[in-house]
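Reading through the structure tokens given below for one structure.
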Amino acid sequence: AAGFTVKNQDGKDFKLPDHLGKQNIVVFFYPMDQSPVCTAEVCAFRDAYAKYKDANALVIGINQGTVESHKAFQSKEKLPFDLLSDPDNKVLKLFGVKEENLGTMILSGRETFVIGKDGVIAYSFRDFMNGEHHSKEVLSYLKK
């Protein structure tokens with residue numbers, strides 16, 4: 001996985017290399033804070049958070065939203081994990097996540113990755129319209 005440093009919802013640096021080798025890392029990219037599909041997605045990760053902890057996995061969400069937008073979203077939905085701000089979609093591009101053309105607008109993609117303890121991407125799942133499925137798919141993978 002490509003190393004990166006971005007700000008979390010509290011304005012603090014999140015450095016991926018600081019977390020590699022300690023646990024699996026679940027990185028989910030989602031288009032925007034507070035939209036219906038994205039809210040369903042983050043809430044699915046929230047609701048399964050204890051299972052991720054049991055699987056020794058760190059969960060982080062990333063999109064181009066601001067630190068302030070992420071803080072409001074995290075507070076409103078009571079999210080126990082970091083939301084990272086990638087304003088220029090640099091991290092999204094490092095991971096090769098494709099934009100979605102919805103005809104009337106183009107949104108950043110929705111894709112989830114599992115980075116193993118060795119720092120290598122071990123699994124990915126892409127489904128733009130079914131955000132809530134991301135958590136289920138990743139948990140299935142982690143249980144194997």
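Numbers here simply count residues along the sequence, with the first being 1.
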Residue pair F95, I115: steps toward the side chain to side chain contact (heavy atoms under 4.5 Å, CB included) verdict: CA-CA 11 Å; F95 279 77; I115 303 169; 4.1 Å; yes
Separation of [Y] [atom2] from [X] [atom1] (nearest 0.5 Å):
| X | Y | atom1 | atom2 | answer |
| --- | --- | --- | --- | --- |
| L16 | I25 | CG | CD1 | 5.0 Å |
| K53 | Q23 | NZ | CD | 9.5 Å |
| K12 | D82 | NZ | CG | 9.5 Å |
| E137 | R126 | CD | CZ | 14.5 Å |
| I60 | H19 | CD1 | NE2 | 7.5 Å |
| I62 | F4 | CD1 | CZ | 4.0 Å |

Taking all non-hydrogen atoms of both residues into account, name the closest pair between [X] and [Y] and its distance.
| X | Y | answer |
| --- | --- | --- |
| V37 | G131 | CG1-N, 3.7 Å |
| L79 | F73 | CD1-O, 4.2 Å |
| K117 | K22 | CE-O, 4.2 Å |
| G3 | L94 | O-CD1, 4.0 Å |
| V67 | G11 | CG1-N, 3.6 Å |
| V6 | S85 | CB-O, 3.4 Å |

Within 6.0 Å of NZ in K71, more than 12 heavy atoms from elsewhere: yes
Intermediate values then yes/no, ring pair (Phe, Tyr, Trp, His ring centres under 6.0 Å), Y123 and F125: CA-CA 7 Å; Y123 178 78; F125 178 74; 7.0 Å; no
Working for side chain to side chain contact (heavy atoms under 4.5 Å, CB included), residues D13 and K7: CA-CA 5 Å; D13 282 345; K7 301 282 185 199; 2.9 Å; yes
Give the cluster check for [X] versus [Y]: same hydrophobic cluster or not, with ILVMFWY residues linked at side-chain heavy-atom distances below 4.5 Å.
| X | Y | result |
| --- | --- | --- |
| V26 | F113 | no |
| Y49 | V138 | yes |
| F29 | F14 | yes |
| V42 | V114 | yes |
| F28 | L139 | yes |

Derivation of the side chain to side chain contact (heavy atoms under 4.5 Å, CB included) call for S135 and R46: CA-CA 9 Å; S135 182; R46 176 201 65 202; over 6 Å; no
Validation row, ring centre F45 to ring centre Y30 under 6.0 Å: no
Short side-chain donor-acceptor distance under 3.5 Å, D33 and H70: yes
Close side-chain approach of D54 to Y52, heavy-atom, < 4.5 Å: no
Within-4.5 Å side-chain heavy-atom neighbours: L84 and V91: no
Measure from the side-chain N and O atoms of [X] to the backbone N and O of [Y], and report whether any donor-acceptor pair falls under 3.5 Å.
| X | Y | value |
| --- | --- | --- |
| N63 | G65 | yes |
| E111 | V97 | no |
| D127 | H133 | no |

